[in-house]
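The structure under discussion appears below in the form of structure tokens.
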Amino acid sequence: MKRERIANICLVGSLLLAAVLLFFALRGCVAEPGTQFEIRVDGNLYGRYALGVERTVQVEDRLTVRVEQGRVYVTESNCPQGSCVRHAPISRVGERILCLPQRVEIRICGEGEPDFVLRASLTEAAHG
Amino acid sequence: MRPARNRARILSFALVLLLLVPFAAGCARTPERRSVTYFDLFDTQTEFTAYGLDREAFDKAARELHAELFRWHTLADPYHAYEGLVNLYAINERGEKTEFELEPELFSLFELGRTFYDESGGKLNVAMGSVLSLWHDCFKSGDRIPETEALEQAGGHIGFSSVSLDAQKRTIRIGDSGVRFDLGALTKGAAADAAGKLLSGLGVKDYALNLGGNVLVSGKKPGGNWAIGVQNPKGGILTRLSLCDISAVTSGDYQRCMTVDGRTYHHIIDPDTYAPASLYRSVTVLCASSALADALSTSLFCMEKTQGRTLAEKYGAEVLWVYADGHTERTEGFAAYEA
């Protein structure tokens, strides 16, 4: 009888442990693994891509994004001023390139990404 | 027999538990996060994020929020006229007219402008639109800077003393026909405060509003406080803040600049020199009021640190200064918000 009880306790114990591990494993899957970048068009997710894979992404007829050696930049754009093309390549979590006239945002995401990044306000430039 | 049956019962119970785990893992992520982005406000990207609202409540809040922000946008728009509305464009293109009755929001911006003109010793000057527009034209072309003569001529018409405000009649009178206004340093902050009032009236508690770098956070998200990164002017994130019920605004020299003859010029113009201010790379201000945080960040960007610190203290604001060589200084209270 005693041996049965010990066996039962072991069984329940290991199943509970499995449950706990599974819980965290599943939650882990929900979070973003590794570092990626995402492209948003009109505020909606257009695509999410690995930073480590070289590729060119044509974002509709708006602009062309290139990722190379973990750095993302805009190679061509249909916007009038082209400030997105002149923007330095981005590679670190929290950095982004915004093409306001075409409503396209490219941002690096991954572990440690904050809810928002405080950037110098652009419209003081309006002022500019 | 009995132990075997017992074990079977325990086993099936445990299996059911195990099957429920994936659902628990999913449910643990609620309340749901909802977010919307606007591109037609203040020449920047605006994001509104809230937790704990169903789709219908969120959409209603977002609609009313957009209407409120758009009103501020139109009132302070220096580039476009809107039918039936006395906005900043109408005031700047006033011709012979010298007096206007203003909408309450626009009047409050001018009042805030006057307060900070006095408080900052003229470093925040909403009446220097004529100087700013010269720089604005150059930033557009990107290949030249304004001529000294033109700047000095425009600089003869930036005195806020030629402006009188009557709070009772809500009117503005402008004595100098050469004065042009620019409210870019104040509008987003004041609009964010108004939006905050609107949202709390709608019962929205846990939200973040990001008006192109002018951030207002209320309540918390499921994991705790809101995590806000402060951009390093040299790239990446300089420091991380853990915030609730507060506004954070950065003024900096790195968002819009141009290079002419090997020299880089940025867009925050010092009213005393008519040239870009060069004391810091960025100044970040934390304050309960977004309007004050916005006004303070621009003021402090052009002020010596000691005077800036005194002004910030007066309004209970915390400050992070980033210098050109990368070193930083902060008020005592700022560090308490750093994660």
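Sequence lines set the chain letters: A, B, ... in the order given, protein chains first and strands last, and positions in each chain run from 1.
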- line: Counting heavy-atom pairs under 4.5 Å with chain A, the top scorer among B:Ser282, B:Gly129, B:Ala227, B:Ala339 is B:Ala227
Centroid-centroid distance, B:His266 to B:Phe301, less than 6.0 Å: yes
query: Salt bridge check: are A:Glu105 and A:Arg40 linked by an N-O gap of less than 4.0 Å?
result: no
- request: Kindly assign one of parallel, tilted or perpendicular to the pair B:His66 and B:Tyr38, based on the angle between their ring planes and the thresholds 30° and 60°.
  value: tilted
query: Is any side-chain N of the basic residue among B:Arg281 and B:Asp253 closer than 4.0 Å to the acidic one's carboxylate O?
result: yes
field: Heavy-atom contacts under 4.5 Å, residues 79-95 of chain A to chain B
entry: A:Gln81, A:Arg92, A:Val93, A:Gly94, A:Glu95
field: Side-chain donor-acceptor contact under 3.5 Å, B:Asn87 with B:Asp77
entry: no
- line: If one checks every heavy atom of B:Thr187 against chain A at 4.5 Å, the contacting part turns out to be neither
- prompt: Do B:Phe334 and B:Trp321 have their ring centres less than 6.0 Å from each other?
  reply: no
message: Report which part of B:Thr49 has an atom under 4.5 Å of a heavy atom belonging to chain A: side chain, backbone, both, or neither.
response: side chain
Carboxylate-amine/guanidinium proximity below 4.0 Å for A:Arg62 and A:Asp42: yes
